[in-house]
Enquirer: 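Sending over a structure as structure tokens; questions will come in a sec.
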Amino acid sequence: MSLIRIQDLKVYYTGHGLFRKQSVTKAVDGVSLFVNDHETLGLVGESGSGKSTLGRAALLLIKPTAGSILFDGVDIVNAAVHKNRPAMKKFRREAQIVFQDPYGSLNPRMKVGKIIADPLRVHGVRGRKVLKEKALRLLELVGLPASAYDTYPYAFSGGQRQRISIARALSIGPRFIVADEPVSSLDISIQAQLLNLFKEIQEKEGVSYLFISHDLRTVAFIAHRVAVMYLGRIMELAQTKELITGPLHPYTKLLLSSIPSKDRRTTDQKEQANGHEHGCVFYPRCGLAKDICMDISPDLKEVSPGHSVACHLY
Amino acid sequence: MVNLLQASNLTISYKTADGEHKVLDNVSFFIGKGESVGLVGESGSGKTTLGLSVLRLLPSNAVYNAGSIRYNGSDLLAMDEKSISRVRGKDISVVFQDPLASLDPLFTVGYQIAESVTAHRPDIGKAGLEEIVESIMGDVGLPEPSRTKQLYPHELSGGMRQRVMIAIALVNNPSLLIADEPTTALDVTIQAQIMDLLKRAKQEYNLTILLITHDLGVAFELVDRLIIMYGGVIVEQGSKQEIFSRPYHPYTKALLMAIPELMDIAQHAPPRLSAIPGSVRAHYDDYEGCRFYDRCTYRTKECLDKEPDLTEYSPGHPARCIHPLL
């Protein structure tokens, strides 16, 4: 059974112009996906694709406009609405997040030991000795010295801060972690260290990740399966190797051919345009669009086992 | 090849609350006319300081301790303010990373491109100016120049803004373009467009380019030669083929290993990426020996005796290491 299953999730933002007509931005528009136990699902997309909104909505940090989220078989959107406290408490304990910005996400006035142990305290773990022991074990797990326990965040580099964030997320033994661009702000040599750490932790602790990134190389390394998102919708979803070696969707192909490398040829692409009112959201940029693409938005359909694509060409 | 730019023994520090720290230590390099050179390094390597020092665009707490930067024979560091302003935007132009921060939100993009022209040619007529602006906008791939020039920066996408920046940089036909992480803030599909534009501009404008980047993949596409920096010094330089096929310095090699090709990852699914342990120091002021020592897998105690010299292990391909990977 999947650990988390998102069904037809929608997050719409309404803009209130003083003199303008109300406008609706469909940040996430009918997304369905699941993540299995011990699995990493990579979520790639460019800025504005809605990947971060989807990640936060999956944790109910943003209220979904519509759709359901089943976590361990329990509909948590429903649980939140009906103030089902035991179900929500279990969800909050088992689902955590690591943010992109290691400078904005750690309280500068709290010592690292307290930052890491705080979630434990919130969830009712008591006893100074117990908390300290747990915090020290977590520091070791993420590769930080025990001396970090009594230090403030300012003393640490970006990479080390991300290790602190990871320790905090792991402290209450979650089963599911949303990692929202956790290595994007780091230098390449440090990125590799952190990505290895994410993998190591999954092997040791058996957590599942929804790993959000704009970088296909990062996702290719860390994820078992990859979902490609564009303007609020999933364009393609497949096993990592299959998606990269045999992409189907024209947008996935464009993404892959844009990665700088010694083999890259000049890309042939249309200018970026905003979403399309009715048909396929990628229609204005697509070089292979047919008439039907202008009017009817394609559904995500499985074209071979485990490989889905939302495109009228298939 | 004639050297268009030649920096010799450049040493620059920043004054901070806890004293003066060197960010560039005795750096020498050249760029030949028509050549494109990539300046590659991670944060703290001094690559941006080096790039901006050429046009004396460093913040006011920067101190030029020693060295010279010669452009076409004249020393840019010895020039008075008036002379250096004549070089800026005319002979040497810059494109920065963040186009939104570099453009003035209160003026139309057309006005800002025109400003760059009139700064160097104040007597140009209105009609001529309009023509120059629209023609450069067309060249950099901005659609409908006559309409787009009336737009404000916030009305354009990130990629379009960077095209405006490139138009401003190219409008006076400079001979040297310094591009400081020009695509880092952009999405990968837009990055590809801007890279293609820079490649085309290099041909059509016969540009010499100094590309500052942390991304070896981006550098590979555009440049002929690479300069690798670490901790304020040049650790290796050479043609890009040489650097990619046989790096001498353990840092360069580690950097190349840290970014495997996408297809290799997809096909071989490596259990771990090859990472560089540790991190760079904030400064190396009272430090002797090799700056990469802490993080190097090939280190010996001799590495700490003194800073290794930049030694030419093959023609045009020096490295700062006493245990080069030959």
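Keep in mind the model is a prediction, meaning the values are calculated, not measured. Chain naming here is simple, since letters A, B, ... match the order of the sequence lines and numbering starts at 1 in each.
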Enquirer: Just so I know, are the side chains of B:His214 and A:Ile188 near enough to count as touching, which here means a heavy-atom distance under 4.5 Å?
Expert: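 They are in contact (side-chain heavy atoms under 4.5 Å apart), so the answer is yes.
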
Enquirer: Does A:Asn196 use its side chain to pair, donor to acceptor, with the backbone of B:Arg272 at less than 3.5 Å?
Expert: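 Not confirmed, A:Asn196 side chain does not pair with B:Arg272 backbone.
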
Enquirer: State, yes or no, whether a side-chain contact exists between B:Pro270 and A:Phe221 at a heavy-atom distance under 4.5 Å.
Expert: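 Contact flag for B:Pro270/A:Phe221 side chains = yes.
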
Enquirer: Work out which heavy atom in A:Ile244 is nearest to a heavy atom in B:Met263; give both atom names and the distance.
Expert: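 Where A:Ile244 meets B:Met263 most closely, the heavy atoms are O-CE, 3.3 Å.
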
Enquirer: Is it true that atom NZ of A:Lys241 has more than 12 heavy atoms of other residues, nucleotides or ligands lying nearer than 6.0 Å?
Expert: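 12 or below, so no.
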
Enquirer: Does B:Gln267 have more than 12 heavy atoms from other residues, nucleotides or ligands lying within 6.0 Å of its CD?
Expert: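 Atom CD in B:Gln267 is crowded, with more than 12 foreign heavy atoms closer than 6.0 Å.
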
Enquirer: With a 4.5 Å heavy-atom cut-off, do A:Gln193 and B:Ser279 have their side chains touching?
Expert: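 No, their side chains stay 4.5 Å or more apart.
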
Enquirer: Please flag which part of A:Gln160 lies under 4.5 Å from any non-hydrogen atom of chain B: side chain, backbone, both or neither.
Expert: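 It is neither, since no heavy atom gets under 4.5 Å.
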
Enquirer: Nearest heavy-atom pair of A:Glu46 and B:Asp187: which atoms, and what distance?
Expert: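 Looking at all heavy atoms of both residues, the closest pair is OE2-CB, 3.0 Å.
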
Enquirer: Check the surroundings of atom NZ in B:Lys22: do more than 12 heavy atoms from other residues, nucleotides or ligands lie under 6.0 Å from it?
Expert: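 No, because the 6.0 Å sphere around NZ of B:Lys22 holds 12 heavy atoms or fewer from other groups.
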
Enquirer: Sort out for me which of A:Glu203, A:His214, A:Glu242 touches chain B most, counting heavy-atom pairs under 4.5 Å.
Expert: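 Among the listed options, the one with the most contacts to chain B is A:Glu203.
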
Enquirer: Looking at B:Ala269, B:Gly158, B:Gly278, which makes the most heavy-atom pairs under 4.5 Å with chain A?
Expert: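 Most heavy-atom pairs within the cutoff with chain A belong to B:Gly278.
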
Enquirer: Looking only at non-hydrogen atoms, find the nearest pair between A:Leu255 and B:Val188 and report the distance.
Expert: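 For A:Leu255 versus B:Val188, the nearest heavy atoms are CD2-CG1, 3.5 Å.
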
Enquirer: What are the two closest heavy atoms between A:Pro260 and B:Asp215, and how far apart are they?
Expert: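 For A:Pro260 and B:Asp215, the tightest heavy-atom pair comes out as CG-OD2, 4.2 Å.
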
Enquirer: Please name the pair of heavy atoms, one in B:Glu221 and one in A:Ile259, separated by the smallest distance, quoted to 0.1 Å.
Expert: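 Looking at all heavy atoms of both residues, the shortest contact is OE2-O, 4.3 Å.
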
Enquirer: Is chain A contacted by the side chain of B:Arg200, its backbone, both, or neither, given a heavy-atom distance below 4.5 Å?
Expert: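 Interface part for B:Arg200: neither.
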
Enquirer: With A:Arg217, which of B:Asp264, B:Leu273, B:Leu262 fulfils side-chain contact (heavy atoms from CB on, under 4.5 Å)?
Expert: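 It is B:Leu262; the other options fail the test.
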
Enquirer: Just give me the residue among B:Ala254, B:Pro271, B:Ala219 that pairs up with chain A most often, heavy atom to heavy atom, under 4.5 Å.
Expert: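 Of the options given, most contacts go to B:Pro271.
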
Enquirer: Answer with side chain, backbone, both or neither: which region of A:Leu243 has an atom nearer than 4.5 Å to a non-hydrogen atom of chain B?
Expert: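 Neither part; nothing is under 4.5 Å.
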
Enquirer: With a 4.5 angstrom heavy-atom cut-off, which part of B:Ser274 approaches chain A: side chain, backbone, both or neither?
Expert: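 Contact with chain A is through the backbone of B:Ser274 alone.
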
Enquirer: Looking at A:Ala192, A:Ala220, A:Ser189, which makes the most heavy-atom pairs under 4.5 Å with chain B?
Expert: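 Heavy-atom pair counts peak at A:Ser189.
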
